[in-house]
Amino acid sequence: MNVEFFRHNLNETDIDNVTNVLKSIFLTTGDVTKAFEDELSRYVKAMNAIGVTSCTAALHLCLLAWGIGQGDEVITTPMSFCATSNSILHAGAKPVFVDVEADTGNIDADLIEEKITSKTKAIIPVHLYGQMCDMKKIHQVADKHGLIVIEDAAHCIEGERDGIRVGQLGDAACYSFYATKNITSGEGGAITTNDRARAEHIRMLRLHGIDKSAVDRYTKKYKHWDMPLLGWKYNMDNIHAALLVDQIKRIDDLWKKRDAIWRNYEEKLAGLEGVKILKSSPNLKHARHLFTILVMPEKRDAILWALQDKGIGVAVNYRAIHLLKYYQEALKYREGEFPCAEKIGASTISLPLYPSLTNKEVDYVVCNVPCILTSLGA
Ligand SMILES: *Cc1c(COP(=O)(O)O)cnc(C)c1O
């Protein structure tokens, strides 16, 4: 049996939507991008949504829009994809890591305050694997010290905690539509915020800092544009947006399927000797992005390879960021500084999780895990 790590869920409607754009005259950022932005802001209950080319770009633009750059520090987690902290470096600021909770993998809100200095300007929490961080606590700390909160919601577009939707307590939230995310356009990202002035600013920053988009320039009589700011080239085009307009409408159906698979995994793998599963907080809608198991660090790679030998697709999300070569060399981070993140990074294995995964495939994965553990003495 071959169980891929990920299979996307694009259907005929998505393909037709892209075809319609390709048959139209307007390929770049236009009415389809706008339609997707409107659907997204409705779905996450935010006032403004801005489509960009990636979540990395989204995080970068948020930092710029809130004036964060050279000489500033931004607090974030070492248990994420390197995009999170790279965006801080792109803005010219310094990422300051705070260790994670051992049982959830999310940034430990109780450890944030001791890392705040006069240079700290923002916090970027990451809702790891789809579990929202304790945003009430993080918001409290941020408020007390006058810090901006930008949520990395790449895993968590569907998420909610204590009745609070993703992005609602933060100043902005950033999403990813990368190839393996819950909804995807291959590459893509977005920002939501309730700050209207900053949303307008971000709209300019995503397109060179010019004050008129192609739609503005070419509908009706030609209008000259000006460039009051230096921006980037991060605008989401109609082609990518066409892949997303219908996915966002069926996002909760897709979530329900992943939720059922997740519960199935949890039921069958919880309590298994040699396997730990991260905890979910109560009062939570988990976005069910990645299902991970934690195994003995010394045996992790052997288990990964054994799963692959059985035709099961696996991934490691993630080895702790501060242990990556660049972070060790340029930022002088050292092993041992963030023990909980390091431990998760050394023990984690992500299993296949996507709506088209069948019960048979889940059973195949679930029955191979204990066999492999036993045969490797893990
Ligand atoms: C995927 C991911 C990103 C980066 O998203 P891109 O759209 O590929 O830039 C950022 N943060 C997290 C937590 C991610 O998983």
Side-chain angles (χ1 to χ4, degrees), residues 5-6 8 33 36-37 40 49-64 74-91 95 97-98 100-101 104-107 122-133 135 138 149-159 166-167 170 172-192 202 205-206 232-237 240-241 243-244 247-248 258 278 286-292 315-322 324 327 341 344-345 348 350 353-354:
F5 178 66
F6 187 80
H8 67 69
T33 310
F36 170 64
E37 290 170 341
L40 176 64
I50 304 120
V52 290
T53 47
S54 69
C55 184
T56 313
L59 291 163
H60 182 198
L61 290 187
C62 285
L63 291 165
L64 299 179
V74 178
I75 289 174
T76 191
T77 166
M79 182 36 60
S80 180
F81 182 52
C82 60
T84 312
S85 47
N86 285 356
S87 72
I88 300 167
L89 294 169
H90 294 159
F97 293 121
V98 164
V100 298
E101 302 166 334
T104 69
N106 275 336
I107 191 167
I123 306 171
I124 305 186
V126 176
H127 307 310
L128 192 71
Y129 306 147
Q131 167 160 221
M132 248 174 95
C133 297
M135 288 309 296
I138 291 171
V149 178
I150 300 163
E151 298 175 41
D152 181 336
H155 296 179
C156 201
I157 181 165
E158 304 93 339
V166 73
C174 298
Y175 309 87
S176 174
F177 311 118
Y178 173 71
T180 57
K181 296 291 163 48
N182 291 356
I183 61 171
T184 178
S185 54
E187 301 286 351
I191 298 143
T192 60
I202 291 169
L205 285 177
R206 77 170 168 181
W232 268 257
K233 185 64 170 70
Y234 284 162
N235 53 306
M236 176 186 281
D237 63 34
H240 285 81
L243 280 170
L244 295 164
Q247 282 182 80
I248 187 93
R258 291 198 313 278
L278 292 174
H286 195 297
R288 307 301 194 204
H289 177 55
L290 286 168
F291 186 87
T292 64
V316 172
N317 305 93
Y318 304 88
R319 283 149 72 222
I321 298 174
H322 69 285
L324 300 174
Y327 281 83
I344 293 173
T348 187
S350 304
L353 176 67
Y354 43 86

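Residue numbers run from 1 in the order of the sequence given. Order of appearance sets the numbers: ligands from 1, and atoms from 1 within every ligand.
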Taking all non-hydrogen atoms of both residues, which atom of Leu353 and which atom of Arg288 are closest, and how far apart?
-> CD2-O, 3.3 Å
Using the ring of each side chain (for Trp, its six-membered ring), is Tyr129 parallel, tilted or perpendicular to His155, with breaks at 30° and 60°?
-> parallel
For ligand 1, which atoms have a heavy atom of Thr84 less than 4.0 angstrom away?
-> 11 (N)
Side chain, backbone, both or neither: which part of Tyr318 has a heavy atom under 4.0 Å from ligand 1?
-> side chain
Of the backbone atoms (N, CA, C, O) and the side-chain heavy atoms from C-beta on, which set of Val126 has a member under 4.0 Å from an atom of ligand 1: side chain, backbone, both, or neither?
-> side chain
Any atoms of ligand 1 less than 4.0 Å from a non-hydrogen atom of Gly188? List them with their elements.
-> 7 (O)
Under the 3.5 angstrom rule, does the side chain of Thr76 hit a backbone N or O of Ser85 as a donor-acceptor pair?
-> no
Pull out every atom of ligand 1 sitting under 4.0 Å from any heavy atom of Ser80, numbered as shown with elements.
-> 13 (C)
Looking at atom 4 (C) of ligand 1, what's its closest protein heavy atom, distance included?
-> Ala83 CB, 3.6 Å
Atom 1 (C) of ligand 1 has as its nearest protein heavy atom Lys181 NZ, 1.6 Å
Which residue and non-hydrogen atom of the protein lie closest to atom 12 (C) of ligand 1, and at what distance in Å?
-> Ala154 CB, 3.4 Å
Could you tell me the residue and atom name of the protein heavy atom closest to atom 11 (N) of ligand 1, and the distance to it rounded to 0.1 Å?
-> Asp152 OD2, 2.7 Å
CE (Met236) and OG (Ser54) are apart, to the nearest 0.5 Å, by 9.5 Å
Closest non-hydrogen atom pair, Tyr318 against Met79 | O-CE, 3.1 Å
Short side-chain to backbone donor-acceptor contact, Arg258 and Ala287, under 3.5 Å | yes
Taking the side chain as C-beta and beyond, is there a heavy-atom pair between Trp232 and His60 under 4.5 Å?
-> yes
Is there a side-chain contact between Leu278 and Thr348, using heavy atoms and a 4.5 Å cut-off?
-> no
Considering only the protein, which heavy-atom contact is closest to atom 8 (O) of ligand 1, and what is its distance?
-> Tyr178 CB, 3.8 Å
Just heavy atoms, cut-off under 4.0 Å: does Cys55 contact ligand 1 by side chain, backbone, both, or neither?
-> both
With a cut-off of 6.0 Å (strictly less than), are more than 12 heavy atoms of other residues, nucleotides or ligands near OH of Tyr178?
-> no
Distance to 0.1 Å, residue and atom name: give those for the protein heavy atom nearest to atom 9 (O) of ligand 1.
-> Thr56 OG1, 2.4 Å
Atom 15 (O) of ligand 1 [closest protein heavy-atom partner, distance rounded to 0.1 Å] | His155 NE2, 2.7 Å
